[in-house]
Amino acid sequence: MTNIATLVFLWDNILKLKENIMKERSFTIATFNANGIRARLHIILPWLDDYNVDCLCIQETKVQDKDFPVEVFEERGLNVVFRGQKSYNGVAVITPHPVETVFFGFPDNDRNREEEARQICVQIADLTIVNSYVPQGRSIDNPAFQRKLQWFSRILNLLDEKFGPSSPLIWCGDMNVAPEPIDVYAPELKENHVCFHRSVREAFKKILKWGMSDCFRLIHPGEPEQYSFFDYRIPRAVERKLGWRIDHILATAPVASNIKDSFIDLEPRKKNKPSDHTFVVAHFQL
DNA sequence: ATGGTAGTAAAACTA
């Protein structure tokens, strides 16, 4: 009888454990192109206080590692993973959770500083998050544009070989591509633009086809004039709706199927100085 | 005909 009682007790505990594991957990992620993180702390810090995201992915921190403002995040109980270069590029992941750095740039690369300052892969609980600052490409006849196209094929190889479409994976950041005509103003004039040329759109869509969903579009299908970037050289670009949706949060099915909300927050632009990008947010119940 | 500005960091480069 004691054996049966023990069995019942154990079974009961297994059920409770399973219940705990299966319990929905909220996860909110955001991406932000800072264009200089030190110049945007007045935007980023209050925004973090307001939203309490589980993970903020930043691109274009434009700061060397020795000058990165680690303390302002750590004194708020946030963990930071970052890598940068002097004046250009630079990525960071900010999270209240324990975080493990998987790699910078691409795994097994030949220590390319620029690539490391453009991509971070981290693990937060069971989630793998890749934060990318995809090269802009300069012009379609520039070698930099070929490197941009290669970035997408290398990402696809990486996701396929290391993870697979059924593993919980988020790829987010400044992708420098407007996937569809509704994702940019005057698309008919942008066919030769490095962020709208058919070759980049196709390279990007190949990754969607492989098994990732554009989280913003899951919540706002077909909604026009939803932009994440406004060129600060164009006067009153926000009010005139002269923007691009080039910052994305993509997720594999196990994550994307649990999406609850997604939006582009452009409010912080109005505080003091403009920032060239906005916060793109996605919320899941995993 | 191809601008406009912001950031970094010290003159020009990238976006």
Side-chain angles (χ1 to χ4, degrees), chain A residues 31-45 47 56-70 72 82-92 105 112-119 131-152 172-179 183-197 199-201 203-204 227-248 264 266-280:
Chain A
T31 180
F32 179 69
N33 179 310
N35 187 22
I37 192 168
R38 290 168 291 179
R40 301 288 176 247
L41 288 174
H42 67 101
I43 290 171
I44 294 168
L45 296 175
W47 194 87
L56 174 62
C57 293
I58 299 184
Q59 307 82 37
E60 279 203 272
T61 55
K62 290 192 172 184
V63 64
Q64 302 175 81
D65 293 348
K66 69 176 178 72
D67 298 323
F68 192 98
V70 201
V72 293
F82 56 91
R83 181 135 322 172
Q85 294 183 271
K86 190 197 277 187
S87 195
Y88 305 114
N89 309 319
V91 278
N112 182 319
R113 189 73 202 182
E114 185 187 334
E115 290 181 358
E116 290 184 352
R118 282 182 176 275
Q119 195 159 270
N131 172 22
S132 300
Y133 174 42
V134 177
Q136 190 255 12
R138 299 181 192 186
S139 64
I140 54 169
D141 56 357
N142 193 299
F145 187 62
Q146 291 309 311
R147 290 202 296 275
K148 176 181 192 174
L149 296 179
Q150 283 162 15
W151 200 281
F152 290 102
C172 71
D174 182 348
M175 312 283 178
N176 267 316
V177 55
D183 296 317
V184 61
Y185 74 98
E188 65 283 358
L189 301 176
K190 303 290 189 300
E191 275 162 24
N192 288 320
H193 192 289
V194 286
C195 297
F196 194 64
H197 190 268
S199 58
V200 262
R201 292 172 56 204
F204 178 80
Y227 305 132
S228 65
F229 164 67
F230 300 88
D231 193 328
Y232 35 67
R233 293 170 295 189
I234 299 173
R236 298 173 51 252
V238 179
E239 301 89 305
R240 294 161 66 202
K241 296 176 177 165
L242 304 179
W244 297 73
R245 196 176 69 89
I246 57 173
D247 303 274
H248 306 293
I264 300 170
L266 52 81
E267 282 308 302
R269 291 184 54 95
K270 292 175 184 168
K271 294 176 188 166
N272 308 322
K273 300 176 204 166
S275 66
D276 64 336
H277 287 234
T278 60
F279 291 84
V280 180

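Below, chain A is the first sequence line, B the second, and so on; all start at residue 1.
Residue A:Arg38 is the one, among A:Arg38 and A:His277, whose nearest nucleotide of DNA chain B lies closer to the 5' end (criterion: closest heavy atom). Both A:Gly36 and A:Asp174 lie near DNA chain B, and the one whose nearest nucleotide falls closer to the 5' end is A:Gly36.
The distance between atom CZ of A:Phe68 and atom C1' of B:dG7, rounded to the nearest whole Å, is 16 Å. Rounding to whole angstrom units, CG of residue A:Asn89 and P of B:dC13 are separated by 16 Å. The distance between atom CZ of A:Arg40 and atom C1' of B:dG7, rounded to the nearest whole Å, is 7 Å. Per the geometry, NZ belonging to A:Lys190 stands 13 Å off C1' belonging to B:dT2, to the nearest Å. Rounded to whole angstrom, the span from the NE2 atom of A:His42 across to the C1' atom of B:dG7 amounts to 12 Å. Between A:Glu60 atom CD and B:dT5 atom P there is a gap of 19 Å when expressed in whole angstrom units. Rounded to whole Å, the distance from CG on A:Asn33 to C1' on B:dA15 is 9 Å. Rounding to whole angstrom units, OH of residue A:Tyr88 and P of B:dA10 are separated by 10 Å.
When distances run from any side-chain atom of A:Arg118 to the nucleotides B:dT14, B:dA15, B:dA9, the shortest one goes to B:dA15. Listed nucleotides: B:dG4, B:dA15, B:dA9. Nearest to the side chain of A:Lys86: B:dA9. If you check B:dA15, B:dT14, B:dA6 against the side chain of A:Tyr133, the one that comes closest is B:dA15. The side chain of A:Gln64 lies closest to B:dA9, out of B:dA15, B:dA9, B:dG7. Among B:dG4, B:dG7, B:dA9, the nucleotide with an atom closest to any side-chain atom of A:Ala39 is B:dG7. Checked against B:dT5, B:dA9, B:dG7, the side chain of A:Tyr232 finds its nearest nucleotide in B:dT5.
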*Give the C-alpha distance, both sets of side-chain angles, the deciding distance and a yes or no for side-chain contact (heavy atoms from CB on, under 4.5 Å) between A:Ile58 and A:Ile37.*
CA-CA 8 Å; A:Ile58 299 184; A:Ile37 192 168; 3.9 Å; yes
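When ring centroids are compared, A:Trp244 and A:His277 stay outside the 6.0 Å threshold.
Look at the P atom in both B:dC13 and B:dA1: the space between them is 25 Å, to the nearest Å. Between B:dT14 and B:dA9, the two P atoms lie 15 Å apart (nearest whole Å).
In this structure, A:Arg138 reaches the B:dT14 phosphate: one of its side-chain N or O atoms is under 4.0 Å from OP1 or OP2. The side chain of A:Arg236 contributes no N or O atom lying less than 4.0 Å from OP1 or OP2 of B:dG4.
A donor-acceptor distance shorter than 3.5 angstrom exists from the side chain of A:Arg113 to the backbone of A:Gly84, with no hydrogens or angles considered.
Side-chain contact check for A:Ser199 versus A:Leu149: some heavy-atom pair is nearer than 4.5 Å.
Side-chain contact, A:Glu267 with A:Trp47: no donor N or O sits under 3.5 Å from an acceptor N or O.
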